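The structure appears below as structure tokens.
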Amino acid sequence: MTINKYQGSSKEEAIEKAKQELGPGTVILNVKEVKPKGMLRVFKGTLFEVTAAVEEQERFENPRTALNTPLKMHESISLAADESLPLPRSNEKAAGEPGEQPSPGKQPDTAGRTGSGMQGASSSRGNSPEPKGELTSEGLEKRLENLSYILEKQLSAEENRKDDALEPKPANPEGFQFIKMLYRTLLENDVNEKYVNQVMDEAEKIMHNGSSVDYILSSVYQKMVLKLGQPDTIALNGKKPKIIFFIGPTGVGKTTTIAKIASRYKVEFEKRVAFLTADTYRIAATEQLRIYANILDAPMSIIYTDEEMNAAIERVSDYDLIFVDTAGFSHRNEAQCQDMRRLIEGLEGKYEREVYLVLSATTKYKDLLEIADIYKEIADYKLIFTKLDETTTFGNMLNIKLYSGAPLSYMTTGQNVPDDIEEFDTQKIVKQLLGGR
Ligand SMILES: Nc1nc2c(ncn2[C@@H]2O[C@H](COP(=O)(O)OP(=O)(O)OP(=O)(O)O)[C@@H](O)[C@H]2O)c(=O)[nH]1
Ligand SMILES: [Mg+2]
């Protein structure tokens with residue numbers, strides 16, 4: 001893995017610099033606002049610093065194979081369900097508690113990069129002793145809140161690594177207990193055991209016996225962020241119109257999500273948007289979309305066949321984005337699956353298309369696996385998760401991402417149009433999966 005820091009006058013600029021240097025697999029681990037310092041600070045704008053990583057040879061085990069291989073508990077962990085974790089320690093200060101300042105950052109180089117590149121991280125232990133933290137869920141939460149400081153510390157400690165690397169490290173019992181706690185937290189958040197093992201196995205490669213609690217946490221965090229990847233949202237590359245299909249089971253929020261995304265593109269980015277609906281199964285369905293179309297003053301057509309779809313698109317071919325709403329159906333309904341495939345495949349080749357599979361974060365894991373499989377036969381899709389506000393465990397988003405191999409794009413957190421939607425926030429979700437708020 002390579003990790004670097006990049007600065008820019010906006011978050012987007014810093015991310016772009018990272019992507020240009022690290023390439024397509026770049027994921028953002030952390031974004032930080034850097035306030036200017038010194039006498040001339042009033043003349044300097046705020047800088048944004050992103051910590052970005054790329055895995056050179058990310059070995060994604062085929063998820064299907066992974067699910068079919070016999071269950072392997074993480075070798076170094078034996079977790080009886082009722083095993084209790086150690087009692088909280090005294091008032092030792094958790095790393096990066098408010099008040100602690102990160103070590104001074106390096107000046108950016110011409111590429112906007114700061115810090116030294118970190119290849120195959122293996123030790124975060126600088127010359128100073130690691131602060132000890134409480135091995136409780138509150139302690140964990142506090143550490144997660146200060147993760148950006150921990151990552152920073154890990155990067156700067158890496159500069160001392162060469163002197164330090166060959167020295168044998170004593171085993172760290174606190175680190176071992178901490179791994180158990182992370183393991184349990186991930187399971188409690190419904191991350192499938194196979195994937196918990198994968199994350200821990202991969203994180204273990206960059207840990208060693210003497211790893212500090214902070215180092216373990218940041219290793220696991222980095223691995224999980226890399227696995228979830230950067231959100232892959234609607235790409236506006238200038239070619240228009242772009243046709244965007246929303247497919248998925250009944251009642252997951254397809255129509256509402258279309259309205260949220262379309263209004264964002266119309267209002268914030270001033271794009272011309274149009275709607276098509278192929279949802280002719282329910283009488284009220286077309287009316288629901290028509291209301292949103294009217295509010296946005298956007299054209300809407302009802303289509304029954306792929307020929308009608310192409311003709312309707314032709315009429316609005318100078319628009320930027322054409323959103324196609326589809327009927328929700330049970331993935332077990334063979335005939336409707338075929339209809340949907342015919343419709344999507346029937347789109348004329350001259351148009352660019354994107355397909356989004358909309359899934360509710362509240363759906364059971366086993367059903368999600370089946371849905372992910374059946375919709376893969378209809379089209380290659382990106383994932384949107386809805387109704388995050390209706391559940392407290394987000395593990396299924398990681399499970400289905402890894403199982404399907406499809407990129408994550410948006411997540412929705414309520415019924416309000418257009419507010420309750422955001423780009424999939426990998427860092428936030430990973431922190432929550434690890435026990436943060
Ligand atoms: N709590 C919550 N409710 C949501 C969210 N997104 C959509 N809904 C609600 O879910 C219900 C169904 O939403 P629709 O957009 O009609 O779902 P659909 O997938 O188009 O449904 P069909 O067309 O019948 O398949 C509505 O009451 C929405 O307000 C969300 O993120 N959180
Ligand atoms: Mg609908």
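Since the model is a prediction, treat every value here as computed from it, not as a measurement.
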Notebook entry, point to check: Under 3.5 Å, is there a donor-acceptor pair linking the side chains of K19 and Q230?
Noted result: no

Could you tell me whether the side chain of [Y] reaches within less than 4.5 Å of the side chain of [X], counting heavy atoms only?
X	Y	result
L408	P231	no
L289	F323	no
I429	M411	yes
K239	Y351	no

Next item on the list: In sequence, state the C-alpha distance, the side-chain angles, and the governing distance for L140 and L434, and then conclude on side-chain contact (heavy atoms from CB on, under 4.5 Å).
Entry: CA-CA 8 Å; L140 178 57; L434 288 171; 5.5 Å; no

Checklist line | All salt bridge (Lys or Arg N to Asp or Glu O under 4.0 Å) counterparts of E141, not counting sequence neighbours | finding: R437

Next item on the list: Kindly write out the residues that satisfy salt bridge (Lys or Arg N to Asp or Glu O under 4.0 Å) with E348, not counting sequence neighbours, or none if the list is empty.
Entry: K350

Next item on the list: Please lay out, stage by stage, how L347 and I313 fare under the test side-chain contact (heavy atoms from CB on, under 4.5 Å).
Entry: CA-CA 9 Å; L347 178 71; I313 293 172; 3.5 Å; yes

Checklist line | Under the side chain to side chain contact (heavy atoms under 4.5 Å, CB included) test, residues paired with K240 that sit two or more places apart | finding: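 With neighbours one apart ignored, the set is D320.
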
Check: E390: what forms a side chain to side chain contact (heavy atoms under 4.5 Å, CB included) with it, not counting sequence neighbours?
Finding: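 Only T362, K387 meet the side chain to side chain contact (heavy atoms under 4.5 Å, CB included) criterion with E390.
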
Do you know which two heavy atoms are closest between [X] and [Y], and how far apart they sit?
X	Y	result
G8	A14	N-CB, 3.7 Å
L226	A53	CD2-O, 4.2 Å
T26	V54	N-CG2, 4.1 Å
V355	I344	CG2-CG2, 4.2 Å
N30	Q427	CA-OE1, 3.9 Å
T326	M340	CB-CE, 3.5 Å

When you measure from the side chain of [X] to the backbone of [Y], do you find a donor-acceptor pair of N or O atoms at a distance under 3.5 Å?
X	Y	result
S9	L47	no
K254	P249	yes
T51	K5	no
K271	L321	no
T391	L388	no
Y375	G248	yes

Item checked: Qualifying side-chain hydrogen bond (donor to acceptor under 3.5 Å, both in side chains) pairs, either residue in residues 407-422, two or more places apart ->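 Found N416-D420, E422-K428.
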
Side chain to side chain donor-acceptor pair (under 3.5 Å) with [X]: which residues, sequence neighbours excluded?
X	result
D297	none
E33	K35
K382	D232, E354, Y356

Item checked: Reference residue T426; test side chain to side chain contact (heavy atoms under 4.5 Å, CB included); the match among L29, L228, I28 -> L228

Margin query: The test is side-chain contact (heavy atoms from CB on, under 4.5 Å); show your working for D279 and Q288 and say whether it passes.
Written below: CA-CA 10 Å; D279 187 355; Q288 188 189 358; over 6 Å; no

Item checked: Identified side-chain hydrogen bond (donor to acceptor under 3.5 Å, both in side chains) counterpart of Q198 within the set K223, E193, K227 ->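 The side-chain hydrogen bond (donor to acceptor under 3.5 Å, both in side chains) with Q198 is passed solely by K227 among K223, E193, K227.
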
Non-neighbouring partners of [X] that pass ring-ring contact (aromatic ring centres under 6.0 Å, His included), sequence neighbours left out:
X	answer
Y292	none
F245	none
Y319	none

Hey, can you pull the donor-acceptor pairs under 3.5 Å for the side chains in residues 392-400, sequence neighbours left out?
unit_1, atom_1, unit_2, atom_2, d
T393, OG1, D190, OD2, 3.0
N396, OD1, N399, ND2, 3.2
N396, ND2, T363, O, 3.2
N399, OD1, N192, N, 2.8
N399, ND2, D190, O, 2.9
N399, ND2, G395, O, 3.3

Measure the spacing between [atom1] of [X] and [atom2] of [Y] and express it to the nearest 0.5 Å.
X	Y	atom1	atom2	result
I244	E352	CD1	CD	10.0 Å
Y6	E21	OH	CD	3.5 Å
L147	D214	CG	CG	8.5 Å
R341	I374	CZ	CD1	11.5 Å
Y221	R143	OH	CZ	16.0 Å

Notebook entry, point to check: More than 12 foreign heavy atoms under 6.0 Å from CD of E268: is that the case here?
Noted result: yes

Check: Does E13 come within less than 4.0 Å of K17, counting only side-chain N to carboxylate O?
Finding: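 Counted as a salt bridge, because a side-chain N and a carboxylate O are separated by less than 4.0 Å.
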
Next item on the list: Give the C-alpha distance, both sets of side-chain angles, the deciding distance and a yes or no for side-chain contact (heavy atoms from CB on, under 4.5 Å) between L359 and V252.
Entry: CA-CA 6 Å; L359 296 172; V252 289; 5.7 Å; no

